[in-house]
Amino acid sequence: MTHLWVRAEQRENEERVGLTPEGAAKLRAEGIRVTVEESSVRAIPLQGYIDAGCEIAPENSWPTAPSDAIIFGLKELPEDGTPLTHKHIMFGHAFKGQPSGRVLLDRFNAGGGTLYDLEYLVDTDGRRVAAFGYWAGFAGAAVSLKCWAAQQRNEICGPVGVYSGKDALVAELETELASLDRPTAIVIGALGRVGTGSSDLCEALGVSVTKWDMAETASGGPFPEVLQHSIFLNCILARPGTPVFVPASATSAKRELTVIGDIACDPDSDFSPIKIYDRTTTWEEPALRVATDPVLDVTAIDNLPSMLPVESSQDYAEQLLPSLLTLTNLNSGVWARAEATFNEHK
């Protein structure tokens, strides 16, 4: 029997989950065994999984799960160097030359396990079957606006946190922006899920948005228009051939730009389109100041949808469920493609 083991997230500020109780019930109805770990932080209460008939395991007990269990989580595993013997479904961030990714792959090689990277679960056309993109874009634009508002107070953005829902986040931003003229924003990747979320947040707050996608960036650059907006929201995943949108020279160039929201957030990738910073930012310190005259702050938080954990979990889980229902056959479809990608890089 196929056995899916939903682990508790161990990453700080991570309350999301990729399977809802309703989805778990559907998996069980198809003969898939489902174990859900207890969690002190998960946004969706455990009782729903109990009611769905799931088996319950102690928090963070997945290393001792049966050898045939498929371990399902979202964010990184603890970086303790232990060999990974199970099949894992997660965001590995391991296939674009990231140093931490090589360490993770070495752990799989040492233990004989397999990584089914959620970013590489794709259909026959190469399109991802599930993504948190919309809520990453929505939250990333919100943090970028918070950074801009803080600059107007001659400050740098303070800590951000979890919201009960999007309405609460928008209401807080309306208060922060109440006495200010609105900035201008440019969104690159505007036609995708991330860009749509970013644009929706901006427009909900009366921010004028220039929307660019592949047609507008096909020339390969340079793109001086980016520097002519107050805020740049990057919604393009780093990959071979991605143009540079913000070169290193931007920090000293004449510009209106004072905030970059790198929502795609891959600063240590060789293919990053933003060349003025080299590390992610955090919930506690969301803004990294890279220039002072005039100011230029970069925000690059790599788990943005966690700011809206209930809505983002429900949306993502609904997208992913049809693929989870095919876990009984790992040798075809999205799972076979994901394993082939792992084998290419390991």
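Quantities reported herein were computed from a predicted structural model and do not represent experimental measurements. These numbers come from the heavy atoms of this one structure, side chains and all, not from hydrogens, waters or symmetry mates.
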State yes or no: do Val6 and Leu115 share one hydrophobic cluster built from I, L, V, M, F, W and Y residues joined by side-chain heavy-atom distances below 4.5 Å, directly or via other members? no
Counting distance only, does the side-chain N/O of Glu59 pair as donor-acceptor with the main-chain N or O of Ser40 below 3.5 Å? yes
Main-chain N/O of Phe271 paired with Asp266 side-chain donor or acceptor, under 3.5 Å: no
May I ask you to decide if Asn331's main-chain N or O and Asn329's side chain share a donor-acceptor pair within less than 3.5 Å? yes
Say whether Val129 and Leu118 are linked into one hydrophobic cluster, either directly or through other cluster members, by side-chain heavy-atom distances under 4.5 angstrom. yes
Taking atom CD as the centre, does Gln47 end up with more than 12 heavy-atom neighbours from other residues, nucleotides or ligands that are less than 6.0 angstrom away? yes
In this structure, are over 12 heavy atoms from other groups packed under 6.0 Å from Glu318 atom CD? no
If only side-chain N and O atoms count, and only distance matters, is there a donor-acceptor pair under 3.5 Å linking Ser313 with Arg16? no
Main-chain N/O of Leu180 paired with Gln152 side-chain donor or acceptor, under 3.5 Å: no
Rounded to the nearest 0.5 Å, the CG atom of Leu191 sits from the NZ atom of Lys211 at a distance of 9.0 Å
Fit a plane to each ring of Tyr316 and Phe91, take the angle between them on a 0 to 90° scale, and name the class: parallel (under 30°), tilted (30 to 60°) or perpendicular (over 60°). tilted
For the residue pair Val122 and Thr341, establish whether any side-chain heavy-atom pair is separated by less than 4.5 Å. no
To the nearest 0.5 Å, what is the distance between CD1 (Ile276) and CG (Leu257)? 7.5 Å
Any chance you could lay out the side-chain contact (heavy atoms from CB on, under 4.5 Å) test for Asn13 and Glu284, step after step, and finish with the verdict? CA-CA 10 Å; Asn13 299 318; Glu284 292 73 25; 3.6 Å; yes
Side-chain donor/acceptor of His229 to backbone N/O of Thr210, under 3.5 Å: no
Can you tell me if Thr2 uses its side chain to pair, donor with acceptor, with the backbone of Ile32 under 3.5 Å? no
Might you confirm whether atom CZ of Arg279 has over 12 heavy atoms from other residues, nucleotides or ligands at distances under 6.0 Å? no
I need the Ile56 CD1 to Ser39 OG distance, nearest 0.5 Å. 11.5 Å
Would the distance check show the side chain of Ser230 and the main-chain N or O of Pro183 forming a donor-acceptor pair, the cut-off being under 3.5 Å? no
Under a 4.5 Å cut-off applied to non-hydrogen side-chain atoms, are Pro21 and Asp51 in contact? no
Taking everything shown except Asp80 itself, do over 12 heavy atoms lie less than 6.0 Å from its CG? yes
More than 12 heavy atoms of other groups within 6.0 Å of Lys26 NZ: no
Without swapping roles, check the side chain of Ser199 against the backbone of Thr196 for a donor-acceptor pair under 3.5 Å. no
Check whether more than 12 heavy atoms from other residues, nucleotides or ligands sit under 6.0 Å from atom CZ of Arg28, and answer yes or no. no
What class does the angle between the rings of Phe108 and Phe342 fall in, given that below 30° is parallel, 30 to 60° is tilted and above 60° is perpendicular? perpendicular
Option among Ile260, Asp297, Val298 that satisfies the side-chain contact (heavy atoms from CB on, under 4.5 Å) test with Tyr277: Val298
Does any part of the side chain of Glu76, heavy atoms only, come nearer than 4.5 Å to the side chain of Asp302, both counted from C-beta? yes
Salt bridge between Asp315 and Arg193, side-chain N to carboxylate O under 4.0 Å? no
Does the distance from a Lys or Arg side-chain N to an Asp or Glu carboxylate O, for Glu37 and Arg7, drop under 4.0 Å? no
With a 4.5 Å cut-off on side-chain heavy-atom distances among I, L, V, M, F, W and Y, is there a chain of contacts connecting Ile71 to Tyr116? no
Drop me the distance from Glu119's CD to Met90's CE, to the nearest 0.5 angstrom. 12.0 Å
Kindly give the heavy-atom pair with the smallest separation between Thr20 and Gln314, and that separation in Å. CG2-CA, 4.2 Å
Given side chains that start at C-beta, do those of Leu173 and Leu201 come closer than 4.5 Å, heavy atoms only? yes
Heavy atoms of Pro243 and Gly220 approach each other most closely as CB-O, 3.9 Å
Indicate yes or no for a side-chain donor-acceptor contact from Gln319 to the backbone of Ala131 under 3.5 Å, with no hydrogens or angles considered. yes
How about Leu77 and Leu84: do any of their side-chain heavy atoms sit closer than 4.5 Å? yes
Answer yes or no: is there a donor N or O on one side and an acceptor on the other, between the side chain of Glu30 and the main chain of Leu27, under 3.5 Å? no
Under the side chain to side chain donor-acceptor pair (under 3.5 Å) test against Trp335, which residue among Thr328, Thr326, Thr114 passes? Thr326
Does a donor on one side chain sit under 3.5 Å from an acceptor on the other, for Trp212 and Thr217? no
Decide if atom CD of Glu225 counts as having more than 12 heavy atoms of other residues, nucleotides or ligands within a radius under 6.0 Å. yes
Might you point out which heavy atoms bring Leu308 and Lys166 nearest each other, and give the distance in Å? CD2-N, 3.6 Å
